[in-house]
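In what follows, chains are A, B, ... by sequence order, proteins preceding strands, each numbered from 1.
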Amino acid sequence: MIPLSWYLTLAAALFAIGLYGVLARRNAVAILMGVELMINAVIINLVAFWRYLQPTGISGQVFAVIVFAVAAAEASVGLALIISIYRRRNSVVAEEMNLLKW
Amino acid sequence: MDISQIIFLIVATATLISALMVVTTRNLVHGALWLIVALFGVAVVFVLLEAGFIAVVQVVLFIGAIAILIIFAMMLTRRALSDEPHQTNSQWPISALVAAASFVALTGLTSFLPDWQWPSLAASDSAQLSGNLQQLGYALVQPNQFALPFQVASVLLIVALIGAVAVAGEKK
């Protein structure tokens, strides 16, 4: 059987890769893709802890479903913001979005 | 090493390689396609964890909705992503360092956990696990369980929907 630590290591690696994408990418859409990877790592952790610690309970799955809903909301609003910025500034590069920079 | 471990290792390797391609490839449309592969790998991990409903939601929601949304956003902003010389900013070595440090810290934390074993369910419990979807449905609408978080999530989704239309909609 698969030890729990394998799942946690996979989730940690996925989270670290997503974090690198968020920090290093210039394109805002690519940054959002990194965020999606990080959210997936979190959901793997939630489901793995549910299965190993409380498999007959339901709260772990409910938690994962709520995180799915939040991820959908985050993606739609983030992409809407990016498209709106692209219309005004003709750019999706994160470091050029400096209108509010002092 | 039994068969589930071998399957897990193959799926995890594929997922991590495609996730690496997502954050490193220069053509962003290819990056989005690699993202779909990575999300499929995560769905297989959910199947290995015997969470079938979560795996289906992963395929329908993340691959069917979010990945398609990302590809649409890329096409709408395509002038900006036509092969720029640099797809990473000047701080990428520090970012790689931070990401590697967070991976080491997180895996270090897992070594403090007790050695939880895969709970081998009795036959009645196993039936309960397969009837989990019904339980999940009841739990989401019962007031003494998760009705309130469910309603809050619905409100969040409708607010995000209206907000996205308001932000991205064409101004007359």
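Side-chain contact between A:R25 and B:S95 is absent, with no heavy-atom pair separated by less than 4.5 Å. Looking at heavy atoms from C-beta onward, A:T9 lies in side-chain contact with B:F103 at the 4.5 angstrom threshold. Contact annotation: the side chain of A:E36 never approaches that of B:V22 to less than 4.5 Å [non-hydrogen atoms, C-beta and beyond]. A:W6 is not listed as a side-chain neighbour of B:L48, based on a closest heavy-atom distance of 4.5 Å or more.
Of all heavy-atom pairs spanning A:A72 and B:L157, the tightest one is CB-CD2, 4.3 Å. When every heavy atom of B:A164 is checked against every heavy atom of A:S76, the shortest pair comes out as CB-O, 3.9 Å. Nearest heavy-atom pair across A:A12 and B:T107 is CB-CG2, 4.2 Å. The two residues B:A12 and A:L10 make their nearest non-hydrogen contact at CB-CD1, 3.8 Å. When all heavy atoms are compared, the tightest approach of B:L49 to A:W50 is O-CZ3, 4.0 Å. B:W92 and A:A24 get closest at one heavy-atom pair: CB-CB, 3.8 Å.
Looking at A:R87, its side chain does come within 3.5 Å of a backbone N or O of B:A168 through a donor-acceptor pair. Within the 3.5 Å criterion, the main-chain N or O of A:L23 finds a donor-acceptor partner in the side chain of B:Q91.
Hydrophobic clustering (ILVMFWY, side-chain heavy atoms < 4.5 Å, transitive): B:V59 and B:V45 are in one cluster. There is a path of hydrophobic side-chain contacts, each under 4.5 Å, that joins B:I94 to A:I17. Clustering ILVMFWY residues whenever any of their side-chain heavy atoms sit less than 4.5 angstrom apart, transitively, puts A:M38 in the very cluster that holds B:F62. Linking Ile, Leu, Val, Met, Phe, Trp and Tyr whenever their side-chain heavy atoms come within less than 4.5 Å leaves B:V23 and B:I17 in two separate clusters. B:F53 and A:F49 fall within the same hydrophobic cluster, defined by Ile, Leu, Val, Met, Phe, Trp and Tyr side-chain heavy atoms under 4.5 Å apart, directly or through other members.
In this structure, chain B has heavy atoms under 4.5 Å from both the backbone and the side chain of A:A71. Only the side chain of A:L79 comes within contact range of chain B, with at least one heavy atom under 4.5 Å from a heavy atom of that chain. Neither the backbone nor the side chain of A:I31 comes within less than 4.5 Å of any heavy atom of chain B. Contacts between B:T25 and chain A at a heavy-atom distance below 4.5 Å involve backbone atoms as well as side-chain atoms. Contact annotation for B:F72: neither backbone nor side-chain heavy atoms come within less than 4.5 Å of a heavy atom of chain A. Within the 4.5 angstrom heavy-atom criterion, only side-chain atoms of B:A139, from C-beta onward, approach chain A. With a 4.5 Å cut-off on non-hydrogen atoms, A:F15 touches chain B through its side chain but not through its backbone. Of the two parts of B:L9, only the side chain, counted from C-beta on, holds a non-hydrogen atom closer than 4.5 Å to a non-hydrogen atom of chain A. Only the side chain of A:I66 comes within contact range of chain B, with heavy atoms under 4.5 Å apart. In this structure, chain B has heavy atoms under 4.5 Å from both the backbone and the side chain of A:V70. Using a 4.5 Å cut-off between heavy atoms, B:L39 touches chain A through its side chain atoms alone.
For the set B:A100, B:A160, B:A32, B:P149, the entry with the most heavy-atom pairs within less than 4.5 Å of chain A is B:A160. When the candidates A:G18, A:S5, A:A48, A:A64 are compared by the number of heavy-atom contacts under 4.5 Å with chain B, A:A48 comes out ahead. Of the listed residues (A:L81, A:L8, A:I44), the one with the most heavy-atom contacts under 4.5 Å to chain B is A:I44. The candidate from A:V47, A:V65, A:I82 with the greatest count of non-hydrogen atom pairs under 4.5 Å with chain B is A:V47. With chain A as partner, the option from B:T110, B:I54, B:L61, B:L156 having the largest number of non-hydrogen pairs under 4.5 angstrom is B:I54. If you tally non-hydrogen atom pairs under 4.5 Å between each of B:L69, B:I3, B:D2 and chain A, the highest count goes to B:L69.
A distance of 11.0 Å separates OG1 in B:T77 from CD1 in A:I85, rounded to the nearest 0.5 Å. Atom CZ of residue A:R51 and atom CZ of residue B:F46 lie 14.5 Å apart, to the nearest 0.5 angstrom. Taking CG of A:N40 as the start and CD of B:Q58 as the end, the distance is 4.5 Å to the nearest 0.5 Å. Note that the CG atom of A:L19 and the CG atom of B:L106 stand 9.5 Å from one another [nearest 0.5 Å]. From B:L28, atom CG reaches atom CE of A:M33 across 5.5 Å, with rounding to the nearest 0.5 Å. Once rounded to the nearest 0.5 Å, the distance linking CD of B:Q134 with CD1 of A:I58 reads 10.5 Å.
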Could you give me the CA-CA distance, side-chain angles and deciding distance for B:V42 and A:I43, then say whether side-chain contact (heavy atoms from CB on, under 4.5 Å) is met? CA-CA 9 Å; B:V42 175; A:I43 298 175; over 6 Å; no
Would A:I83 and B:V167 count as a side-chain contact (heavy atoms from CB on, under 4.5 Å) here? Give the steps. CA-CA 9 Å; A:I83 289 172; B:V167 167; over 6 Å; no
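A:F63 CZ: 12 or fewer foreign heavy atoms inside a 6.0 Å radius.
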